[in-house]
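Atoms within each ligand, like the ligands themselves, are counted from 1 in listed order. In what follows, residues are counted from 1 in the order of the sequence shown. Model, not experiment: these values are computed from the prediction.
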Amino acid sequence: MKLWGGRFSKGTDALVEDFHSSISFDKRLYLQDIQGSMAHAAMLGKQGIISQEEAEQIVTALEQILTDIENGEVEFDLGAEDIHMNVETILTERIGDAGKKLHTARSRNDQVALDIRMYMKEEIKATKALVLQLCEELLALAEEHQHTVMPGYTHLQKAQPITFAHHMLAYLQMFRRDAQRLDDCYRRTDVLPLGSGALAGTTFPIDRQFVADQLGFAAISENSLDGVSDRDFAIEYAAAASMIMMHLSRLSEEIILWSSNEFRFIVLDDGFSTGSSIMPQKKNPDVAELVRGKTGRVYGDLQTLLVMMKGLPLAYNKDMQEDKEALFDAIDNVKKSLLVYIPMLKTMTVNKEKMHGSAKGGFINATDAADYLAARNVPFRESHAIVGHLVAYCEQHGKDLEDLTLAEFQQFSPVFGEDIYEYIAVDRCVAARKVPGGPSVEATTVAIEQGRAWLNQQER
Ligand code: ARG
């Protein structure tokens, strides 16, 4: 007999039973469901809505059910639909009438909203902890490579020289914003929906603040319709997760390029690479590729949630049961990706010589040659054109800028002097970029200190 079977004259069709049951995936929420019910029961007892003895009986039995679930001794029943009714059914089997009183002044609509919020609060913290560990790793790489000059690119064409530290610090900024987004999402998740009832609250004199305090919620929801209809927090998490994946995916793309034979900027540890079943020489950056691949999947989860919600009238609709698989998928994949990334970065070898060598050619110092003239009063647009002609000349003669004689330089502008060679040397080009946020050692030292200070402020 269904918990809601009173008005029905026949059982659910077997196809429907299978179709609408969510226990196969929402059993993940068993802990939150039981903790939520314990707080609800304690509140019902305190308010005299049920007797204290009944409340105690419920709480004790729920504790036992929790232990039994954790010991693998509970078989969930597909017919009981979801985790909420499974727990309640087991409770009633065990303690009879007192169990039947647990659902007083509550609906599965506010119950499921509560369970997901409780679950998400933990998962947001767990995701953030991994993001912070990744930031630690990026900072360590930055500290080690402040002098590792490498080419900076735009359009994947050599642009201006930077350092590997500067490159890693760029990712630090991205993941720092991701951590902030998770904090922000946490604040809006940390609101107790229980007490919203099915949609219109309840006539019973419940104490919502007591339940919020028991369960560690910072606030209670302020509108019962919104309390059961809102999944913004889940969408926000999926959006934050998508952004984390997007950042990991861009880094993955670079790691894949850098570990290619054409770049050879880095070598991934054997433990974080895989081979080919046919080509004996292959060592593939599969982890980075798979993270890049999973990014699309997490975007899909966000899309699933957004589209699921867009046409729903207030308040609860069964469509919303579809939130869980997408959300769980986003959580699992972003966490797994972060978890594998941290040691992959830690164990990778950075080929400083190759990076430095690559930073030398390809007219990467052309901007500096133009700056040289501009600093000597040639209007920048003119100096840009002069160096453009120089580059064309070099290309015709198979030379780099630094290979030209002073006479050749002076054919293009009499302003060039002997000190041009020192000025366009790649290490000086980096060292001269002292601007805050720039790649010089001075600037990256400040960025590293700021990054450390931020990391140290984070609760862990
Ligand atoms: N299993 C449902 C879900 O996940 C729980 C809420 C069901 N409420 C209802 N009135 N059918 O959304």
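Looking only at distances, no side-chain donor or acceptor of T202 sits under 3.5 Å from a matching main-chain atom of A105. Under a 3.5 Å cut-off, the side chain of D226 and the backbone N or O of E222 do not form any donor-acceptor pair. Of the possible donor and acceptor atoms, none in the side chain of Y153 sits under 3.5 Å from a partner among the backbone N and O of A159. N86 places a side-chain N or O within 3.5 Å of a backbone atom of D77 that can act as its donor or acceptor partner.
Here's the thing with H84: none of its N/O atoms is less than 3.5 angstrom from an N/O atom of ligand 1. At a 3.5 angstrom cut-off on N or O pairs, K318 does not count as close to ligand 1.
Atom 12 (O) of ligand 1 has its closest protein heavy atom at Y316 OH, 2.4 Å. The protein non-hydrogen atom at the shortest distance from atom 11 (N) of ligand 1 is R108 NH2, 3.6 Å. The nearest protein atom to atom 10 (N) of ligand 1, hydrogens excluded, is given as N109 OD1, 3.2 Å; this is a heavy-atom distance. The closest protein non-hydrogen atom to atom 5 (C) of ligand 1 is D82 OD2, 3.5 Å. Residue, atom and distance of the protein heavy atom nearest to atom 2 (C) of ligand 1 are Q321 OE1, 3.3 Å.
The aromatic ring centres of Y119 and Y30 sit 6.0 Å or more apart.
A donor-acceptor contact closer than 3.5 angstrom is absent between the side chains of H20 and Q321.
Residue K324 touches ligand 1 through its side chain alone, judged by heavy-atom distances below 4.0 Å.
Within 6.0 Å of NZ on K283 lie more than 12 heavy atoms contributed by other residues, nucleotides or ligands.
Listed by number with element, the atoms of ligand 1 under 4.0 Å from a non-hydrogen atom of S22 are 1 (N).
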